[in-house]
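Whatever order the structure lists them in is the order used to number ligands and atoms, beginning at 1. The figures here come from the full heavy-atom set of this structure, side chains too, leaving out hydrogens, waters and symmetry mates. Just so it is clear, the structure is predicted and the values come from calculations on it, not from any experiment.
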Amino acid sequence: RPRILSGMQPTQDSLHLGNYIGAMTQWVALQDDYDAFYMLADLHALTVNPDPAALRERTRRTAAQYLAGGLDPQRATLFAQSHIPEHAELAWVLSCITGYGEAGRMTQFKDKSAKRGSEGTTVGLFTYPVLMAADIILYDAALVPVGEDQRQHLELTRNLAERINARYGEDTAVVPEPHIVKSIAKIFDLQNPEAKMSKSIGGAKGTIWLLEDPKRAAKAIKSAVTDAGDTIAYDPAAKPGVSNLLSIYSALTGRDIQDIVTAYEGKQYGHLKVDLAEIVVDFLVPFQAKVDEYLSDPAELDAVLARGAARARETAAQTLGRVYDRVGLLAPA
Ligand code: TYM
């Protein structure tokens, strides 16, 4: 089975609906047909300099959300990035073939460093995409299911994999393809449907958190910014607000967007919002119950991650060994 790898950063207590719809639904759909590796990107989370206790707690909470979302440790390998030392080791090798300018062109880096200023911008923030490339290349991943915001990082990963192969031999690295499903790859902020729903800028009502009070989530849906006019139609350019609600509706029910549009013919935005609010609540309530159950047994959660790490390590060690050898590092006697 071809490999896939993906990950999320445990930078908040809760994932949001964009993470769930854009990434996790795909991860779940792919876990049977692929040899899937899904990690908690805890090393990446260090770039926001989290409080140590909070990071540990959030890493477990994110793991619980992976399980509650339908990732199955029997079918996929679930692990914490920091449990596999090869990630940081391969990242060093890759950083030595990444151009300074090339890394500087990453738009997420440019946005984040502009906000933080030069003293607040760390070297880790700069090399973040190189570590991400290492995550992917380490598992010979052919496919990487992510949201639209990761496309440029995937492009860098492909360039680095091709560069390794050109310099050190064609079969040194697998060149990965992004798996980005257009209709769900960018869920927008409910208050500002021009911006993606996000962990960092999620304002009071723009982001739906998977672990928030379902009543609050329902309110956020009902007060979502919609567009001028009153016809319910899927047209992301002209009607970004309504189209975003339709994408969420479709992702959570499995119904075709066109079906939904037809069902709401002649109805108003308000109808759609009331129904979607109910759909969101019906999704959140059982999800949160499962998360609570997984969190009630942290030792079992840690055991799941330990079993995942044991499996991940085998592949990671093999790939790193191959790369170290090809680049000319002397093997220990
Ligand atoms: P992160 O933690 O920001 O987001 C996790 C996943 O959720 C997707 N996503 C969205 N999808 C649709 N709509 C949105 N509004 C939305 N917001 C986020 C992201 O695209 C992502 O797929 N750098 C990565 C973590 C990472 C990684 C990797 C991913 C580290 N190593 C290796 C893939 C492969 C990140 O920060 O994702």
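- A salt bridge between E148 and K196 is absent, with no side-chain N of the basic residue lying under 4.0 Å from a carboxylate O of the acidic one.
- Contact check on D171 versus R322 returns no salt bridge, with no Lys/Arg side-chain nitrogen under 4.0 Å from an Asp/Glu carboxylate oxygen.
- At a 4.0 Å heavy-atom cut-off, the residues surrounding ligand 1 are L5, S6, G7, M8, Q9, H16, G18, N19, G22, A23, M39, A41, H44, Y128, M132, D135, I136, V144, V146, G147, D149, Q150, I184, A185, K186, I187, K196, M197, K199, listed by chain and number.
- Taking a cutoff of 4.0 Å between a charged side-chain nitrogen and a carboxylate oxygen, R61 and E57 qualify as a salt bridge.
- For H271 and Y264, the distance between ring centers is not under 6.0 angstrom.
- E300 has a carboxylate O that lies under 4.0 Å from a charged side-chain N of R307, or vice versa, which qualifies the two as a salt bridge.
- The residues R163 and E102 are annotated as salt-bridged, a charged nitrogen and a carboxylate oxygen being separated by less than 4.0 angstrom.
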